[in-house]
Amino acid sequence: YVLEYLSEHFRITLFYYNPNISPEKEYRFRVDEVKRLISQMPCAREVSFVESDYDTDRFYAVAKGLETENEGGTRCFRCYRLRLEKTAEYAAEHGFDYFTTTLSISPYKNAEKLNTIGEELSEMYGVKHLSSDFKKKNGYKRSIELSKEYDLYRQDYCGCEFSKAD
């Protein structure tokens with residue numbers, strides 16, 4: 001849904017940075033699913049795809065000491081920051097006008113916290129943050145419809161080993 005919605009307003013570069021996803025086989029599968037979607041979805045054919053490094057050490061460093069915390073707390077907020085900061089950094093280095101995240105499509109992700117982090121990083125990196133809560137206005141519902149239409153894999157955990165255990 002996020003691609004469908006944003007492609008009406010922007011040229012999109014999808015920057016894929018998910019060092020939290022475990023195991024690597026799951027990470028690779030998700031990368032392939034995104035690439036497949038981009039190739040099949042008419043509005044996404046103009047989307048550029050950039051895969052960043054799969055640096056799990058950085059994720060484990062920010063999660064250290066929070067391994068037993070429930071999903072949706074400080075560990076997740078640190079993960080949001082890690083991923084958004086890498087995105088903001090990439091956007092600044094490559095002259096993008098905006099950066100955002102698709103994470104707010106999930107009913108399990110805290111859009112207010114994501115936007116707060118995004119605004120802080122916008123100040124740091126000098127790139128505008130596109131605040132969003134993509135699940136609203138039937139965004140999540142539309143994402144489910146599109147998932148069925150494109151036979152997308154829908155995982156039942158965010159990706160990190162801690163959320164999978166939770």
Side-chain angles (χ1 to χ4, degrees), residues 1-22 26-27 30-31 33-34 37 44 47-56 58-67 69-94 96-144 146-147 152 154-164 166:
Y1 166 74
V2 177
L3 289 175
E4 181 180 73
Y5 176 75
L6 291 180
S7 67
E8 294 177 17
H9 309 283
F10 300 96
R11 283 184 313 159
I12 300 170
T13 296
L14 198 153
F15 181 72
Y16 194 89
Y17 179 63
N18 291 289
N20 58 306
I21 298 175
S22 178
E26 174 76 9
Y27 171 86
R30 292 184 189 194
V31 167
E33 278 292 273
V34 171
L37 178 65
V47 170
S48 300
F49 180 80
V50 174
E51 181 182 355
S52 188
D53 52 331
Y54 180 58
D55 183 7
T56 57
R58 287 193 68 198
F59 168 71
Y60 287 114
V62 301
K64 188 173 176 82
L66 302 168
E67 296 87 351
E69 188 175 281
N70 288 335
E71 189 169 356
T74 302
R75 183 187 66 239
C76 295
F77 299 159
R78 286 185 182 179
C79 183
Y80 295 173
R81 178 170 289 281
L82 171 69
R83 294 159 65 192
L84 275 167
E85 185 160 5
K86 185 81 165 184
T87 304
E89 179 182 34
Y90 183 87
E93 288 174 358
H94 292 87
F96 286 85
D97 296 323
Y98 292 90
F99 73 98
T100 193
T101 178
T102 61
L103 286 173
S104 74
I105 193 72
S106 171
Y108 303 107
K109 302 298 183 233
N110 184 325
E112 183 178 339
K113 188 66 173 177
L114 286 163
N115 288 324
T116 297
I117 293 167
E119 291 304 315
E120 290 169 6
L121 295 170
S122 174
E123 291 291 320
M124 286 175 59
Y125 288 92
V127 179
K128 293 178 212 160
H129 173 253
L130 181 66
S131 290
S132 61
D133 190 347
F134 291 117
K135 70 180 129 304
K136 291 189 171 181
K137 298 183 181 176
N138 290 317
Y140 180 70
K141 179 182 175 197
R142 179 66 179 145
S143 75
I144 299 296
L146 289 166
S147 293
L152 286 178
R154 291 188 65 90
Q155 65 279 4
D156 57 2
Y157 69 107
C158 84
C160 81
E161 68 177 272
F162 311 118
S163 71
K164 188 173 186 177
D166 196 21

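Not counting sequence neighbours, the partners of Phe99 by the ring pair (Phe, Tyr, Trp, His ring centres under 6.0 Å) test are His129. Every side-chain contact (heavy atoms from CB on, under 4.5 Å) that Cys160 has, sequence neighbours left out, goes to Asn20, Phe59, Arg75, Cys158, Phe162, Ser163. Looking at residues two or more places apart in sequence or on another chain, you find a side-chain hydrogen bond (donor to acceptor under 3.5 Å, both in side chains) between Tyr27 and Glu51. When the side-chain hydrogen bond (donor to acceptor under 3.5 Å, both in side chains) test is applied to Tyr60, the partners found at least two apart in sequence or on another chain are Glu161. Among residues two or more places apart in sequence or in another chain, the salt bridge (charged side-chain N to carboxylate O under 4.0 Å, His left out) test is passed with Glu120 by Arg81. Every residue two or more places apart in sequence or in another chain that forms a salt bridge (charged side-chain N to carboxylate O under 4.0 Å, His left out) with Glu26 is listed here: Arg30.
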request  = Take Tyr80 and Thr101 through the side-chain contact (heavy atoms from CB on, under 4.5 Å) test and state the conclusion after the steps.
outcome  = CA-CA 9 Å; Tyr80 295 173; Thr101 178; over 6 Å; no

task = Given side-chain contact (heavy atoms from CB on, under 4.5 Å), test Val62 with Arg58 step by step and report yes or no.
result = CA-CA 7 Å; Val62 301; Arg58 287 193 68 198; over 6 Å; no

List the atom pairs, donor and acceptor, that lie under 3.5 Å between side-chain atoms in residues 2-16 and the rest of the protein, sequence neighbours left out.
from	atom 1	to	atom 2	distance (Å)
Glu4	OE1	Arg142	NE	3.0
Glu4	OE2	Arg142	NH2	2.8
Ser7	OG	Leu3	O	2.9
Ser7	OG	Glu4	O	3.1

Pair up each side-chain donor or acceptor in residues 134-141 with any protein partner under 3.5 Å, not counting sequence neighbours, and list the distances.
from	atom 1	to	atom 2	distance (Å)
Lys135	NZ	Ser104	O	2.9
Lys135	NZ	Ser106	O	3.1
Lys135	NZ	Lys109	O	3.3
Lys135	NZ	Asp133	OD1	3.0

Between side-chain atoms of residues 84-92 and protein atoms elsewhere (two or more places apart, or another chain), which donor-acceptor pairs fall under 3.5 Å?
from	atom 1	to	atom 2	distance (Å)
Glu85	OE2	Tyr125	OH	2.7
Lys86	NZ	Asp53	OD1	3.4
Thr87	OG1	Arg83	O	2.8

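Residues Leu152 and Leu146 fail the side-chain proximity criterion, which asks for heavy atoms closer than 4.5 Å. When side chains are defined from C-beta on, Val50 does not count as touching Tyr17, because their heavy atoms never get closer than 4.5 Å.
Considering CG of Leu37 and OG of Ser147, their distance stands at 8.5 Å, rounded to 0.5 Å. Considering CG of Asn70 and SG of Cys76, their distance stands at 9.5 Å, rounded to 0.5 Å. In this structure, the separation between CZ on Phe77 and OG1 on Thr116 is 9.5 Å, given to the nearest 0.5 Å. One finds the CG atom of Leu114 at 8.5 Å from the OG1 atom of Thr100 (value rounded to the nearest 0.5 Å).
When every heavy atom of Ser143 is checked against every heavy atom of Arg154, the shortest pair comes out as O-NH1, 3.8 Å.
Under the 3.5 Å distance criterion, the side-chain polar atoms of Asn18 are left unmatched by any main-chain donor or acceptor of Ile21.
Glu112 CD: 12 or fewer foreign heavy atoms inside a 6.0 Å radius.
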